There are 2 protein chains.
Amino acid sequence: MFQILVVEDDKNTRRLMEAVLLSGGYQPILAEDGVRALKLLEQNKVDLIIVDIMLPKLDGYELTRTLRNCGDTTPILMVTAKETQADKREGFLAGTDDYMVKPVDEEEMLWRIAALLRRSKIANEHRITIGKTLLDYDCLTVTQEGRQEELPKKEFLLLFHLLSNPNRIFTRRQLMDEIWDMGSETDERTVDVHINRLRDRFRDNGDFEIITVRGLGYKAVRCSP
Amino acid sequence: MFQILVVEDDKNTRRLMEAVLLSGGYQPILAEDGVRALKLLEQNKVDLIIVDIMLPKLDGYELTRTLRNCGDTTPILMVTAKETQADKREGFLAGTDDYMVKPVDEEEMLWRIAALLRRSKIANEHRITIGKTLLDYDCLTVTQEGRQEELPKKEFLLLFHLLSNPNRIFTRRQLMDEIWDMGSETDERTVDVHINRLRDRFRDNGDFEIITVRGLGYKAVRCSP
DNA sequence: TTTCCTTGTTCATATTCAGTTTAAAAACAG
DNA sequence: CTGTTTTTAAACTGAATATGAACAAGGAAA
């Protein structure tokens with residue numbers, strides 16, 4: 001669901017990272033050097049980058065600087081054996097958001113990842129609770145007062161996406177890019193139809209409402225009790 | 001200049017923090033307990049909070065949780081002697097952004113502060129605060145003293161544009177080119193009507209006012225308190 | 001296989017409301 | 001006082017959206 005790029009040359013560490021991220025509910029993407037990382041960044045929607053410093057071809061500092069110079073603001077977490085203050089200094093100056101010294105506590109790494117994602121406004125929950133309504137991403141289900149109901153995939157994803165950033169307005173284009181495929185050719189009216197079905201389904205829900213923002217798109221808002 | 005609130009009960013540490021922050025070019029505000037911190041937060045525009053955990057009255061965890069539950073997203077850095085993983089865990093769960101164990105390296109603290117401020121600036125570049133009024137570009141909403149209101153697109157854009165350059169005079173032509181399409185053929189009187197609606201809406205706002213500059217156009221000015 | 005049902009998409013029509021226009025009243029400058 | 005600019009209220013209009021229904025593509029069951 002949230003894609004995290006790991007840039008790390010040591011194969012064992014890479015494997016370990018992969019396992020930790022999976023256990024935290026993230027989707028890892030692996031790169032063995034900085035150049036490969038840049039290529040993968042172009043091809044994927046990456047929500048966070050974990051980068052080692054000592055890397056072949058393009059080291060962690062340079063990779064970070066390159067990205068920041070291009071205006072890329074993806075959160076970066078440096079995880080490295082280089083532990084001197086001079087190393088940290090160079091890391092932060094390059095533009096990293098956080099810096100952990102190996103060997104890292106795996107749990108702490110997950111907390112820090114969660115904090116970074118939260119801050120960069122990317123929600124990272126598998127479940128959303130709004131009043132008496134509970135959305136479960138893993139089951140595609142909505143539970144209201146004990147009643148559990150499974151929604152069609154697109155409908156669920158649409159609702160989940162809207163509710164994970166309440167009040168924020170999403171254009172039809174943005175929603176299509178997120179829920180359908182990037183650059184999907186399908187008619188934007190399709191979004192309307194799905195929204196309409198969601199409204200039907202949750203007409204007297206009482207916890208949230210999907211609001212039309214004319215000329216822009218849709219947003220979900222919590223209902224005042 | 002960035003204002004940083006330091007919540008710390010030990011007087012010597014507080015003094016030290018103050019000196020370090022000043023040397024880093026920040027404006028420190030000092031609080032000796034959590035309750036005092038909440039009061040100071042109301043009275044000041046605070047860009048970042050450094051919080052100790054063991055505090056009289058309201059501890060660091062509770063302070064953090066309180067703020068986050070109110071929707072406050074000010075970056076928080078916990079600086080504390082509590083070094084177990086369980087402590088860190090509780091800190092991150094409460095909603096802190098970073099966690100440093102005392103005794104901290106002063107330079108590293110400044111780098112981490114800079115990283116947090118950099119990120120929160122990225123997140124907030126779509127917002128304008130004028131007194132108690134907050135404009136959110138992503139939501140097209142204006143919040144005044146807790147009351148959130150959604151504006152029609154053109155109205156919002158017009159207000160946002162005026163307020164992002166306070167005191168600057170914009171001709172109707174300029175505004176049309178920015179908010180309507182470049183070289184739009186629509187009547188310039190349309191701007192007047194929208195301005196008028198904005199004035200209606202924010203008649204007794206107290207934070208800003210839209211002023212007519214006869215023969216030229218309009219400008220937004222902050223009200224003197 | 002065929003049938004039936006669920007899901008996703010498209011289309012046609014009805015409806016709505018943001019944005020525009022209009023026009024009269026008010027404010028202003030000379 | 002006079003001509004010009006701005007304010008204000010109200011009516012209008014069309015593009016944007018809602019909605020119902022039909023269609024297509026797959027999967028499950030018979």
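The figures here come from the full heavy-atom set of this structure, side chains too, leaving out hydrogens, waters and symmetry mates. Quantities reported herein were computed from a predicted structural model and do not represent experimental measurements. Naming convention: chains lettered A, B, ... in sequence-line order (proteins, then strands); numbering from 1 in each chain.
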For B:T143 and B:D136: C-alpha separation, side-chain torsions, deciding distance, then whether side chain to side chain donor-acceptor pair (under 3.5 Å) applies. CA-CA 8 Å; B:T143 312; B:D136 186 324; over 6 Å; no
Contact under 4.0 Å: B:N196 side-chain N or O vs D:dT8 OP1/OP2: yes
To the nearest Å, give me how far apart CG (B:L159) and C1' (C:dA18) are. 17 Å
Between B:R112 and A:Y99, do the side chains contain an N or O donor and an N or O acceptor separated by less than 3.5 Å? no
Tell me: CD1 of A:I169 to P of C:dA18, nearest whole Å? 13 Å
On DNA chain D, more 5' by nearest nucleotide between A:D192 and A:D200 is A:D192
In terms of side-chain heavy atoms, does B:R199 have a donor or acceptor partner in B:T212 at a distance below 3.5 Å? yes
Identify the heavy atoms of B:R201 and B:E149 that sit nearest to each other, and give their distance. NH1-OE2, 3.3 Å
Quick check, are the ring centers of A:Y218 and A:F170 under 6.0 angstrom apart? no
Rounded to the Å, how far apart are A:I211 CD1 and D:dT17 C1'? 14 Å
Verify the contact: side-chain N or O of A:Y218 to OP1 or OP2 of D:dA16, cut-off strictly under 4.0 Å; return yes or no. no
Using whole Å, report how far CZ of A:R199 lies from C1' of D:dG20. 15 Å
For B:T133 and B:N205, does a side-chain donor sit closer than 3.5 Å to a side-chain acceptor? yes
Rounded off to whole Å, could you give me the CD1-to-P distance for the B:I195 and C:dA27 pair? 19 Å
Side-chain N or O of A:T212 closer than 4.0 Å to phosphate OP1/OP2 of D:dA16: no
From C-beta outward on A:R214, which listed nucleotide comes closest to its side chain: D:dA18, D:dT17, D:dT7? D:dT17
In whole Å, I'd like the distance from the CD atom of B:E209 to the P atom of D:dT7. 12 Å
Could you check how far CZ of A:R172 sits from C1' of D:dT17, rounded to whole Å? 7 Å
Check: protein-nucleotides 3-10 of chain C nitrogen or oxygen pairs below 3.5 Å:
unit_1	atom_1	unit_2	atom_2	d
C:dG8	OP1	A:K154	N	3.1
C:dG8	N7	A:R197	NH1	3.3
C:dT9	OP1	A:W180	NE1	3.0
C:dT9	OP2	A:W180	NE1	2.8
C:dT9	O4	A:R197	NH2	2.5
C:dT10	OP2	A:D187	N	3.2
C:dT10	OP2	A:T190	OG1	3.1

Flag if over 12 foreign heavy atoms under 6.0 Å of NZ, B:K45: yes
Separation of atom CZ in B:F156 from atom P in C:dG19, rounded to whole Å: 13 Å
